[in-house]
Amino acid sequence: MILGAIGDDFTGSSDLGLMLADGGMRTVQYVGVPEAAADPGVEAGVVALKSRSIAADEAVRQSLAALDWLIAAGCRQFLFKICSTFDSTPEGNIGPVAEALIARLGTRDPVVVCPVFPATGRTLYLGHLFVGDALLSESGLENHPINPMTDPDIRRWLARQTKGAVGHVALPTVRQGAAALRAALLAERDGGRQLAVVDAIDDDDLTLIADAAEGFPLLVGGSGVALGLPVVYRRAGLIASHAGAWRGTNGKAVALSGSCSKATRGQVAEHARHGPQWKIDTDGVMDGTLTAAELVDWAMAAEGLPLVYSSDDPEAVAAAQRRHGGARVAEALEHLFGEVAKGLAAKGARRLIVAGGETSGAVVTALGLEALEIGPKIDPGVPAVRSGELVLALKSGNFGAPDFFEKAMKVMGR
Ligand SMILES: Nc1ncnc2c1ncn2[C@@H]1O[C@H](COP(=O)(O)OP(=O)(O)O)[C@@H](O)[C@H]1O
Ligand SMILES: O=C(O)[C@@H](O)C(=O)COP(=O)(O)O
């Protein structure tokens with residue numbers, strides 16, 4: 001294994017997996033830290049954790065366990081995959097995990113921090129993160145239920161989470177080329193700022209960043225920062241060419257959505273125009289009158305691409321949270337989606353399209369999947385993935401075009 005990545009959530013990890021597989025690396029996404037040793041044919045391993053919103057010390061513990069496994073697999077470079085909207089709180093977990101990884105690697109080399117992902121509109125200029133044409137703090141992310149992103153200055157936000165000072169390399173230096181950028185990163189490190197936020201606007205900037213960081217053991221970023229890594233490895237003769245070994249399936253397809261993000265709600269509305277849908281009644285879930293078995297039977301009997309969803313607008317979500325408690329309703333719905341996925345797989349469904357990071361984590365865990373082979377792109381940041389006979393799509397709430405569900409079913413087919 002050449003590159004070892006630690007992803008702080010499941011959908012984000014498949015986003016990264018897609019970037020690396022697209023770059024020609026044989027990539028596997030592991031569900032948590034595997035017990036067995038890695039398959040020697042894997043060139044990029046992404047250990048997917050659900051560590052974004054847990055206590056910082058637990059996120060550090062899990063991330064170090066993942067790092068140790070990746071070191072044992074022979075990786076020479078490591079990437080801590082965070083969200084392109086830098087989802088975190090003043091307590092962490094990006095800063096504490098990054099500093100713990102630096103300490104365990106014993107590295108004094110600079111560490112690039114770059115959440116940029118131009119294909120989905122995330123750019124960074126003069127240390128400030130944008131989503132489309134809005135500052136992060138005016139993009140809707142300021143209302144995130146778990147980690148409201150109220151400060152678009154990533155240097156300042158990260159510095160609240162770290163013990164050490166945070167550096168910065170601005171776009172004009174990036175655009176001078178890889179050598180100038182590398183020199184600037186080393187200067188930041190010499191000034192006591194080992195973690196350095198790096199500006200980037202487009203894919204060429206990201207390619208330069210990967211080039212400038214050649215040989216530096218650790219990077220921190222969104223999937224975009226991985227764009228240029230396969231290029232660097234191929235130039236060094238480290239990766240082989242792979243004939244497309246991917247196999248899709250035309251088996252029964254079902255979509256499950258627990259994501260309440262704006263993009264997902266648009267996709268649910270679009271699907272309603274031609275596909276069968278079952279909107280989950282949260283009160284029915286909480287009082288036990290709606291069961292997973294009922295949903296499984298309905299979906300297995302439905303024609304086309306059935307969608308089972310709990311996605312709702314912010315007012316309805318807030319009302320359900322007031323009635324039942326936010327954590328309780330989220331847990332009950334995640335459990336339900338996990339049970340539905342298990343029931344569907346047991347009854348022969350072969351394509352599962354899942355919307356929502358937490359929801360995807362619940363489904364993949366309930367199915368007991370250990371490793372996901374990364375397949376073709378459905379939309380930017382979302383690949384089809386395979387585990388045994390099952391083909392899945394794990395969609396981040398904010399990703400995907402309006403026709404995502406139908407498109408996913410086609411891409412997952414043969
Ligand atoms: N109707 C609803 N009311 C309250 N909470 C909900 C509802 N539907 C889904 N949820 C919960 O909201 C969370 C959505 O998070 P997630 O699956 O990560 O989606 P996203 O990627 O869009 O953030 C999950 O914990 C889910 O169980
Ligand atoms: O970098 C990104 O934006 C994604 O890869 C990601 O991590 C999204 O997280 P969720 O929206 O919580 O699925």
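Indexing begins at 1, ligand by ligand and atom by atom, following the structure's order.
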Q: What protein heavy atom sits nearest atom 1 (O) of ligand 2, and how far away is it?
A: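 Protein heavy atom at minimum distance: Ser84 N, 2.8 Å.
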Q: Quick test: of every protein heavy atom, which one is nearest to atom 27 (O) of ligand 1, and how far off is it to 0.1 Å?
A: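 Going atom by atom, the protein heavy atom closest to atom 27 (O) of ligand 1 ends up being Ala330 O, 3.3 Å.
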Q: Side chains of Glu43 and Tyr233: donor-acceptor distance under 3.5 Å anywhere?
A: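 No donor-acceptor contact under 3.5 Å links the two side chains.
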Q: Would you call Arg26 and Asp39 a salt bridge, taking side-chain N to carboxylate O under 4.0 Å as the test?
A: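 Salt bridge present between Arg26 and Asp39.
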Q: Atoms of ligand 1 less than 4.0 Å from Ser261 heavy atoms?
A: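 Those qualifying, in numeric order: 20 (P), 22 (O), 23 (O).
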Q: Considering only protein heavy atoms, which is closest to atom 1 (N) of ligand 1, and at what distance to one decimal place?
A: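 Going by distance alone, atom 1 (N) of ligand 1 is nearest to Ser310 O, 2.9 Å.
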Q: Quick one: nearest non-hydrogen protein atom to atom 11 (O) of ligand 2, plus distance?
A: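 Result for atom 11 (O) of ligand 2: Ser396 OG, 3.0 Å.
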Q: Using distance alone, decide if ligand 1 has a nitrogen or oxygen within less than 3.5 Å of any nitrogen or oxygen in Thr264.
A: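 Among all N and O atoms of Thr264, none is under 3.5 Å from an N or O of ligand 1.
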Q: Would you say His271 and Gln277 are linked by a side-chain donor-acceptor pair, where the criterion is simply a distance under 3.5 Å?
A: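 Short answer, yes.
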Q: Geometry only, no angles: is Lys81 polar-contacting ligand 2 at N/O separations under 3.5 Å?
A: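 Indeed, backbone or side chain, Lys81 has an N or O that close.
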Q: Output the list of atoms in ligand 1 that are nearer than 4.0 Å to some heavy atom of Cys260, sorted by atom number.
A: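 Near Cys260, meaning under 4.0 Å from one of its heavy atoms, ligand 1 has 7 (C), 8 (N), 9 (C), 22 (O).
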Q: Could you tell me whether Phe117 approaches ligand 2 through its side chain, its backbone, both or neither, with non-hydrogen atoms closer than 4.0 Å?
A: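 It is neither; nothing of Phe117 touches ligand 2.
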Q: Is Ala320 close to ligand 1, meaning an N/O of one under 3.5 Å from an N/O of the other?
A: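 Between Ala320 and ligand 1 (N or O atoms, distance only) the closest approach is not under 3.5 Å.
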Q: Between Asp283 and Arg323, does any NZ, NE, NH1 or NH2 come within less than 4.0 Å of an OD or OE carboxylate oxygen?
A: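 Asp283 and Arg323: salt-bridged.
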Q: For the pair Ser360 (side chain) and Phe10 (backbone), establish whether a donor and an acceptor sit closer than 3.5 Å, ignoring hydrogens and angles.
A: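 Flag not set: sc Ser360 to bb Phe10 has no pair under 3.5 Å.
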Q: If I apply the N/O under 3.5 Å rule, does Ala355 come out as touching ligand 1?
A: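 Not met; the criterion fails.
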Q: With a 4.0 Å cut-off, would you call Arg175 and Asp202 a salt bridge?
A: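 Between Asp202 and Arg175 there is a salt bridge, with a charged N closer than 4.0 Å to a carboxylate O.
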Q: Would you mind telling me if ligand 2 is within reach of the side chain of Glu358, the backbone, both or neither, using heavy atoms under 4.0 Å?
A: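 For Glu358, there is no contact with ligand 2 at all, from either part.
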Q: So, is Glu358 polar-close to ligand 1, with some N/O to N/O distance under 3.5 Å?
A: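 In this structure, Glu358 places an N or O atom under 3.5 Å from an N or O of ligand 1.
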Q: Any salt bridge between Arg61 and Glu58, counting N to O under 4.0 Å?
A: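 Salt bridge present between Arg61 and Glu58.
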Q: So does Pro306 get a backbone contact from the side chain of Trp298, meaning a donor-acceptor N/O pair under 3.5 Å?
A: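 Side chain of Trp298 to backbone of Pro306, a donor-acceptor pair under 3.5 Å: no, none is there.
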Q: Regarding ligand 2, does Thr85 bring an N or O atom to under 3.5 Å of one of the ligand's N or O atoms?
A: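 The answer is no, given that Thr85 and ligand 2 share no N or O pair closer than 3.5 Å.
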Q: Below 4.0 Å from ligand 1: does a non-hydrogen atom of Thr282 turn up there or not?
A: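 The answer is yes: ligand 1 sits under 4.0 Å from a heavy atom of Thr282.
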Q: Using distance alone, with no hydrogens and no angle criterion, decide if Ser311 and Ser257 have a side-chain donor and acceptor under 3.5 Å apart.
A: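 Yes.
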Q: Using a 4.0 Å heavy-atom threshold (strictly under), name the region of Leu16 that reaches ligand 2: side chain, backbone, both or neither.
A: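 For Leu16, no heavy atom sits under 4.0 Å from ligand 2.
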Q: Report yes if Gly357 has an N/O atom closer than 3.5 Å to an N/O atom of ligand 1; otherwise report no.
A: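 Checking ligand 1 against Gly357, an N or O pair does fall under 3.5 Å apart.
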Q: Nearest protein heavy-atom contact for atom 9 (C) of ligand 1: which residue, which atom, what distance?
A: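 Heavy-atom neighbour on the protein nearest atom 9 (C) of ligand 1: Gly258 O, 3.0 Å.
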Q: Note the single closest protein heavy atom to atom 24 (C) of ligand 1, along with its residue, its atom name and the distance in Å.
A: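 Its nearest protein heavy-atom neighbour is Glu334 OE2, 3.6 Å.
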Q: What I want to know is whether Arg52 and ligand 2 share at least one N or O pair that is separated by under 3.5 angstrom.
A: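 The answer is yes, given that Arg52 and ligand 2 share an N or O pair closer than 3.5 Å.
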Q: Quick test of your reading of the model: are Asp379 and Lys407 salt-bridged, counting only N-O distances below 4.0 Å?
A: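 Between Lys407 and Asp379 there is a salt bridge, with a charged N closer than 4.0 Å to a carboxylate O.
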Q: Using a strict 4.0 Å threshold on nitrogen-to-oxygen distance, state whether Lys50 and Asp9 make a salt bridge.
A: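 Salt bridge: no.
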Q: Using a 4.0 Å cut-off to any heavy atom of Asp9, which atoms of ligand 2 qualify?
A: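 Numbered from 1, ligand 2 contributes 7 (O), 9 (O), 10 (P), 12 (O), 13 (O).
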Q: Going by an N to O cut-off under 4.0 Å, is there a salt bridge joining Arg182 and Asp211?
A: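 Asp211 and Arg182: not salt-bridged.
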Q: Take Leu79 and Leu16 through the side-chain contact (heavy atoms from CB on, under 4.5 Å) test and state the conclusion after the steps.
A: CA-CA 10 Å; Leu79 169 61; Leu16 172 64; 3.6 Å; yes
Q: Is it the case that ligand 1 has an N or O less than 3.5 angstrom from some N or O of Ser396?
A: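 The answer is no, given that Ser396 and ligand 1 share no N or O pair closer than 3.5 Å.
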Q: Would you mind running through ligand 2 and noting each atom that sits below 4.0 Å from a heavy atom of Gly357?
A: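 Near Gly357, meaning under 4.0 Å from one of its heavy atoms, ligand 2 has 13 (O).
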Q: Can Arg160 and Glu91 be counted as an ion pair, charged N to O under 4.0 angstrom?
A: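 So Arg160 does not pair with Glu91 through a salt bridge.
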Q: When you measure from the heavy atoms of Phe10 to every atom of ligand 2, does any distance fall below 4.0 Å?
A: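 Not so, Phe10 does not reach ligand 2.
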Q: Test your reading of the structure: does Thr11 have an N or O sitting under 3.5 Å from an N or O of ligand 2?
A: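 Thr11 vs ligand 2: N/O contact under 3.5 Å present.
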Q: Roughly how far, to the nearest 0.5 Å, is the CG atom of Leu390 from the OG1 atom of Thr249?
A: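 These two atoms lie 9.0 Å from each other.
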Q: As an exercise, identify every atom of ligand 1 less than 4.0 angstrom from a heavy atom of Thr359.
A: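 So the answer, numbered in order with elements, is 17 (O).
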Q: Salt-bridge test for Lys279 and Asp312: reply yes if a basic N is under 4.0 Å from a carboxylate O, no otherwise.
A: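 Here Lys279 pairs with Asp312 in a salt bridge, since their nearest N and O are under 4.0 Å apart.
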Q: Which residue holds the protein heavy atom closest to atom 4 (C) of ligand 2, what is that atom called, and what is the gap in Å?
A: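 Minimum-distance protein heavy atom for atom 4 (C) of ligand 2 reads Asp15 OD2, 3.5 Å.
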Q: Can you name the atoms of ligand 1, numbered from 1 with element, that are less than 4.0 Å from a heavy atom of Leu333?
A: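 Atoms satisfying the 4.0 Å criterion: 2 (C), 5 (N), 6 (C), 7 (C), 8 (N), 9 (C), 10 (N), 27 (O).
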